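Working notes, beginning with the structure itself.
As the structure is a prediction and not an experimental result, all values here were calculated from the model.
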Amino acid sequence: MTDEEPPAAEQLALIRATARKAKPRTWRGAQLAEGLPVARVLVDKGLLHLDQFFDYAVPAAMDADARPGVRVRVRFGARVVKGRREGGTLHDGFVVERRADSDYAGPLAPLAQVLSDEVVLTPSLLALCRQVADRYAGALADVVQLAVPPRMARAERDPSPEPLPAPAPPEPGSWARYATGPAYLQALARGDIPRAVWLALPGPHWPAELARAIAATLASGRGALAVLPDGRSVARADAALTELLGAGHHVMLTADAGPEERYRRWLAVSRGAVRAVVGTRAAMFAPVADLGLVALWDDGDSSHAEPHAPQPHARDVLLLRAAEERTAFLLGGLTSTVEGAQLVDSGWALPLAATRDEVRAAAPLIRTVGDADQARDAAARAARLPSLAWQVTRDALAIGPVLVQVPRRGYVPKLACDSCRTAARCAACAGPLELREQGGTPSCGWCGRPAADWHCQECGGFRLRAQVVGARRTAEELGRAFPRVPVRTSGRDTVLASVGAAPALVIATPGAEPVADGAGYAAALLLDGWALLNRPDLRAGEEALRRWAAAAALVRPAGEGGTVLVLAEPTLRPVQALVRWDPAGHAVRELAERAELRFPPVSRMASVSGPAGAVAELLALVRLPPGTDQLGPVPAPGGGERLLLRVPPGNGAALAVALKVGQVARAARGGGEPVSVRLDPTDIG
DNA sequence: AGCACGCCGACT
DNA sequence: GTCGGCGTGCTC
């Protein structure tokens with residue numbers, strides 16, 4: 001996060017350094033480019049662990065085209081047979097530098113082909129990729145593959161539109177509801193680099209607010225980039241931006257545009273023709289010229305984590321960009337992650353929140369039904385829904401649609417206390433307990449300790465259960481109980497963007513809730529309370545609050561009759577935070593707890609997994625930063641084993657470097673079976 | 001990751 | 001003698 005320290009970088013530079021200079025020689029003595037006859041090339045695939053550049057000779061005919069940043073093809077892996085080069089397969093790559101000489105002592109192979117004269121891997125994009133690779137102990141080529149889209153020749157042939165002049169600074173609009181909102185916009189429009197963690201008010205205004213932040217940055221003559229978790233939210237931001245500025249100032253970078261159109265838009269950004277980008281995860285690398293603002297919406301959404309190696313998270317990539325490219329930063333959401341709270345806590349970013357009066361005016365009424373209430377409720381035992389739920393639904397259906405949030409399939413804890421349903425955790429390290437075989441002894445998913453004498457920390461119970469839910473069926477029952485009301489469903493395969501303002505029951509899984517036209521939903525029933533809260537995940541509380549707030553924000557304010565009913569214990573921290581609509585307080589308390597328990601993100605973690613021998617081998621080569629804890633190893637789900645490494649705050653970069661140095665050293669000794677290294681893994685339980 | 005080189009044992 | 005086992009090391 002903000003703990004990167006310089007000595008680590010020197011260590012990496014050392015392992016990258018190569019031998020002495022040599023005059024470029026080439027294999028067949030072909031005619032070479034006169035001025036700078038050497039091209040330093042990043043080879044796209046192969047040697048993934050070696051992670052280094054290779055020098056090639058530039059034939060005279062390619063002198064003009066082989067500029068830094070263009071795509072080339074090179075022969076790689078050739079062998080010398082009787083003084084002649086033979087074999088070698090063609091690989092794609094990028095020229096990263098033109099030079100007068102090479103560090104490589106041997107003869108240089110010539111570039112095979114310049115694929116295109118389009119400069120795609122610009123120096124600043126390369127620098128960003130390098131930083132991301134280092135941050136995650138990954139290979140540069142892997143990051144470049146994430147950052148530069150595949151070439152589509154047709155899109156390259158077409159010229160990009162002429163850039164538009166900077167727009168006028170926008171009016172504050174609904175930003176006036178936030179104490180420092182108008183000042184934040186003014187700072188952006190002035191060309192400053194304000195950094196904020198923005199807690200958005202519930203309701204439909206956040207896309208327009210995000211659009212105004214982008215417009216204010218454009219007004220300063222700089223570019224802006226906003227990353228959102230899914231196509232629906234990008235579409236909302238896009239619509240708001242188009243309404244504010246018209247078309248032409250921005251592009252949408254999402255997967256559903258198709259590869260060619262997407263590359264066309266990416267090129268418009270890369271060429272400086274378009275200065276603002278709204279997009280999903282991959283847009284985090286968008287090469288916006290003279291970037292003035294990076295914005296991220298709802299950083300707790302898991303789709304901000306890139307699944308491909310080295311699995312960078314959009315929040316971290318944008319934090320790197322904000323620091324390196326000296327830009328403003330806006331982390332927005334209805335709730336805050338602990339990482340967001342940490343940015344405020346460290347003083348790096350300022351909170352951007354509304355007054356309590358504005359919160360009260362915007363939020364719906366939140367009511368709760370706990371287990372004790374349900375036990376007393378005869379109707380609930382029969383129909384599995386408390387009578388308050390029936391009452392709220394009946395009343396709300398008189399004035400508008402009702403949203404029913406049900407748990408997603410497979411979204412249940414592995415093991416929980418049989419009596420109070422609290423997730424079962426390891427007594428030694430608080431990792432999640434798992435049952436590896438039927439009837440066996442549960443053991444910790446982190447440190448592997450068996451938990452034969454487990455008892456519940458909350459209620460003292462000693463029986464464990466694997467959880468099952470029937471909430472979807474409950475929702476269906478609800479539909480049958482109101483036969484004249486239409487039932488719409490949104491989830492998994494069919495996600496609705498919006499529903500009408502007329503009374504209806506809208507059943508949705510978390511994250512797939514449609515926006516209700518008009519005033520918003522009259523009520524929401526959150527049926528997934530205990531399933532969300534009891535997940536064996538560090539983020540269970542944060543995630544529950546995030547999902548509840550997302551649903552509750554679609555409900556009209558309490559003053560207009562909006563009601564939210566959450567089926568969860570009212571004494572639990574996330575439930576209280578929802579009732580009081582105090583996401584900031586919740587995040588601050590979660591952060592304090594993580595610090596106390598030495599959990600991420602206060603401590604940083606890496607997971608090392610692979611065949612047992614290989615993990616031990618890598619570990620022997622790694623010089624871990626002082627104070628590193630080793631948790632495990634435990635058997636990994638896909639075979640082999642997994643080890644967690646935990647370092648104190650401020651040592652994240654050192655841990656990444658140590659692991660990278662170890663990986664390279666191990667590869668140089670003949671490698672063997674590969675070991676996967678991941679920083680800040682998201683699935684550690 | 002490929003892929004050739006090399007230094008060992010069993011075969012026509 | 002020669003074919004081929006895969007252990008080892010290099011790739012601009």
Side-chain angles (χ1 to χ4, degrees), chain A residues 15-33 35-63 65-115 121 126 130 133 137-145 308-310 610-611 613-614 617-618 621 640 660 662-677:
Chain A
I15 63 166
R16 272 179 209 129
T18 23
R20 63 201 176 275
K21 312 247 171 190
K23 280 189 215 90
R25 292 176 292 141
T26 184
W27 277 100
R28 242 165 288 181
Q31 193 67 37
L32 294 189
L36 299 168
V38 174
R40 188 151 282 182
V41 173
L42 171 71
V43 180
D44 219 15
K45 291 206 178 74
L47 338 307
L48 287 160
H49 21 258
L50 284 182
D51 200 17
Q52 61 190 27
F53 299 132
F54 291 88
D55 287 346
Y56 283 82
V58 181
M62 299 183 193
D63 188 16
D65 285 345
R67 290 181 294 160
V70 300
R71 296 182 214 255
V72 289
R73 311 199 88 187
V74 293
R75 289 210 172 272
F76 192 85
R79 206 129 302 270
V80 185
V81 182
K82 284 176 258 156
R84 285 185 72 86
R85 272 176 75 78
E86 277 181 12
T89 44
L90 279 173
H91 287 260
D92 286 348
F94 301 88
V95 175
V96 294
E97 193 186 351
R98 285 289 297 272
R99 303 169 56 98
D101 47 30
S102 171
D103 296 335
Y104 184 63
L108 301 185
L111 294 175
Q113 189 189 353
V114 176
L115 278 172
L121 188 59
L126 176 64
R130 171 97 273 164
L140 177 63
D142 283 343
V143 181
V144 168
Q145 204 162 18
H308 296 109
E617 209 175 287
L618 173 63
L621 288 169
K660 179 71 175 280
Q663 285 272 58
V664 171
R666 187 164 166 269
R669 293 189 187 185
E673 296 139 306
V675 174
S676 140
V677 168

For A/Asp51 and C/dC10, what is the distance between atoms CG and P respectively, to the nearest whole Å?
-> 19 Å
Over how many whole Å does the gap from A/His91 atom NE2 to B/dG2 atom P extend?
-> 8 Å
Spacing between A/Gln663 atom CD and B/dA1 atom P, to the nearest angstrom | 11 Å
From CZ of A/Phe94 across to P of C/dC12 the rounded distance in Å is 19 Å
Rounded to the nearest angstrom, tell me the gap between atom CG in A/Leu32 and atom P in C/dC12.
-> 16 Å
Could you pull out all residues at least two apart from A/Arg67 that satisfy salt bridge (Lys or Arg N to Asp or Glu O under 4.0 Å)?
-> none
With sequence neighbours excluded, residues passing salt bridge (Lys or Arg N to Asp or Glu O under 4.0 Å) with A/Arg71 | none
Separation of A/Tyr56 atom OH from C/dT11 atom C1', in whole Å?
-> 8 Å
Taking A/Tyr56 for its side chain and A/Arg75 for its backbone only, find out whether a donor-acceptor pair lies under 3.5 Å.
-> yes
Main-chain N/O of A/Leu140 paired with A/Asp51 side-chain donor or acceptor, under 3.5 Å | yes
Could you tell me the separation between the CZ atom of A/Phe76 and the C1' atom of C/dG9, rounded to a whole number of Å?
-> 13 Å
Please answer whether C/dC12 and A/Phe54 are stacked, defined here as ring centres separated by less than 5.5 Å and planes angled under 30°.
-> no
